[in-house]
Amino acid sequence: MTCSAACLMGLLMGCLWVMPMVKTSTPADLCKPMHTLKASLNFTNRRQYMKHNFPINYTIRVHYEEVFRVSNISRLKAHVPGLQLGDLQELWLLVNQEILKKVVRVLPERHPSRRYSSNLEDLLRKVQQVFQTVRDRQHEESEPPEQIQEIWERVWDPEAAGWKWVKPKALLDNCYRTMHCLFSDCFQAPEQEDYCDVRHWRKGNKKQHPQA
């Protein structure tokens with residue numbers, strides 16, 4: 001009896017620990033613009049506009065926090081108490097809008113990738129508008145955890161320390177992968193696959209998942 005009670009308590013505590021991350025799902029209103037964004041972020045476009053149209057090994061300067069990978073999401077989930085899915089989705093929108101601003105800023109007016117980058121920026125703005133409309137409707141305007149607010153502030157601060165030089169395609173690859181992790185309700189994963197598992201996106205899976 002004592003063992004059963006202890007096991008039950010362990011299960012209850014486990015549920016309480018994960019509740020902040022599972023009680024909110026992606027609103028259905030967001031899935032249509034997310035699929036439009038996914039279509040523009042397909043592998044062929046990312047390779048053509050963010051790799052082939054740039055000089056070999058070309059990099060742009062971004063904040064350390066803007067190198068936003070699936071592994072970063074796992075770390076934030078593990079170390080930020082009270083973190084909501086909506087907090088991570090909003091952070092994803094902020095980070096990738098700032099990345100595209102930086103990409104557009106370095107492109108000359110007639111560069112072959114400028115229109116594509118500007119269109120992506122517009123699509124992200126539209127997703128942000130729908131996201132905000134849904135949150136307003138659901139009265140989900142709670143303050144994000146302090147650690148998330150600090151990331152926002154560093155991304156917005158042009159004088160913040162901690163910069164990296166990163167290839168544009170690598171940044172959009174991160175955008176594509178983390179999008180699937182954070183808005184997974186909109187994207188059906190292959191059987192027994194998890195978009196938030198870094199192993200899903202490793203090179204060995206490219207044949208199975210060519211859009212990675």
Side-chain angles (χ1 to χ4, degrees), residues 17-27 29-31 33-38 40-41 60-104 117 120-164 166 168 170-187 194-198 200-201:
W17 172 253
V18 298
M19 273 179 63
M21 284 306 305
V22 299
K23 71 178 183 179
T24 305
S25 60
T26 305
D29 309 51
L30 268 176
C31 287
M34 294 306 303
H35 277 281
T36 303
L37 181 62
K38 175 182 176 177
S40 292
L41 279 170
I60 63 172
R61 184 173 177 256
V62 297
H63 288 95
Y64 178 81
E65 290 79 11
E66 290 171 304
V67 187
F68 191 60
R69 303 185 181 99
V70 170
S71 57
N72 296 101
I73 294 172
S74 299
R75 283 196 292 270
L76 288 170
K77 286 180 179 179
H79 296 109
V80 179
L83 185 63
Q84 303 284 333
L85 175 62
D87 297 328
L88 287 169
Q89 290 173 333
E90 193 166 15
L91 179 62
W92 179 88
L93 285 162
L94 164 69
V95 163
N96 287 290
Q97 286 182 80
E98 291 299 312
I99 285 170
L100 282 165
K101 286 178 185 177
K102 291 177 173 67
V103 171
V104 172
S117 303
L120 279 180
E121 196 178 3
D122 289 340
L123 284 173
L124 274 169
R125 272 197 292 266
K126 290 175 183 175
V127 171
Q128 174 75 54
Q129 290 168 1
V130 176
F131 180 85
Q132 190 59 52
T133 298
V134 170
R135 296 201 83 177
D136 289 345
R137 188 171 67 231
Q138 296 178 348
H139 306 290
E140 292 184 358
E141 279 299 317
S142 59
E143 288 291 320
E146 184 179 350
Q147 295 95 320
I148 300 299
Q149 294 187 57
E150 290 173 355
I151 294 174
W152 288 6
E153 290 169 5
R154 288 196 294 272
V155 169
W156 278 328
D157 184 2
E159 304 299 325
W163 294 83
K164 295 190 73 173
V166 186
L171 293 167
L172 287 200
D173 287 347
N174 291 340
C175 174
Y176 182 87
R177 295 166 186 174
T178 50
M179 173 183 71
H180 280 73
C181 172
L182 294 176
F183 298 89
S184 58
D185 292 347
C186 297
F187 309 112
D194 179 5
Y195 287 136
C196 292
D197 187 340
V198 294
H200 175 85
W201 303 104

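Note that the coordinates shown come from a computational prediction; the quantities given were computed from them, not determined experimentally. Only heavy atoms go into these numbers, but all of them, side chains included; no hydrogens, no water, no symmetry mates.
Contact check on Asp157 versus Arg154 returns no salt bridge, with no Lys/Arg side-chain nitrogen under 4.0 Å from an Asp/Glu carboxylate oxygen. A salt bridge links Glu90 with Arg135: at least one charged nitrogen is closer than 4.0 Å to a carboxylate oxygen.
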task = Begin from the C-alpha positions of Met179 and Met34 and carry the test side chain to side chain contact (heavy atoms under 4.5 Å, CB included) through to its verdict.
result = CA-CA 8 Å; Met179 173 183 71; Met34 294 306 303; 3.3 Å; yes
task = Please lay out, stage by stage, how Val70 and Asn174 fare under the test side chain to side chain contact (heavy atoms under 4.5 Å, CB included).
result = CA-CA 7 Å; Val70 170; Asn174 291 340; over 6 Å; no
query = Should Ile99 and Val95 be marked as a side chain to side chain contact (heavy atoms under 4.5 Å, CB included) after you check the CA-CA gap, both sets of side-chain angles, and the distance that decides it?
reply = CA-CA 6 Å; Ile99 285 170; Val95 163; 3.8 Å; yes
request  = Begin with the C-alpha distance, continue with both residues' side-chain angles, and end with the deciding distance and a verdict on side chain to side chain contact (heavy atoms under 4.5 Å, CB included) for Arg69 and Arg177.
outcome  = CA-CA 8 Å; Arg69 303 185 181 99; Arg177 295 166 186 174; over 6 Å; no
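Note: Thr36 OG1 to Leu41 CG = 11.0 Å, rounded to the nearest 0.5 Å. Within the model, atoms CG of Leu91 and CG of Leu76 stand 7.0 Å from one another, a figure rounded to the nearest 0.5 Å.
When atom types are taken as modelled, the side chain of Gln132 and the backbone of Gln128 share no donor-acceptor pair closer than 3.5 angstrom. Between the side chain of Asp87 and the backbone N or O of Gln84 there is at least one donor-acceptor pair closer than 3.5 Å.
Annotation: salt bridge (Lys or Arg N to Asp or Glu O under 4.0 Å) contacts of Lys101 (sequence neighbours excluded): Glu98.
You'll find the side chain of Ile73 reaches within 4.5 Å of the side chain of Phe68, heavy atoms only. A 4.5 Å side-chain heavy-atom check between Val166 and Tyr64 finds every atom pair outside the cut-off. Here the side chains of Pro144 and Trp152 are in contact, with some heavy-atom distance below 4.5 Å. You'll find the side chain of Val80 stays beyond 4.5 Å of the side chain of Glu146, heavy atoms only. Annotation: side chain of Pro33 is not in contact with side chain of Lys126 (no heavy-atom distance under 4.5 Å).
Atom CZ of Phe187 has more than 12 neighbouring heavy atoms from other residues, nucleotides or ligands inside a 6.0 Å radius.
Using cut-offs of 30° and 60° for the angle between ring planes, the Trp201 and Tyr176 rings count as perpendicular.
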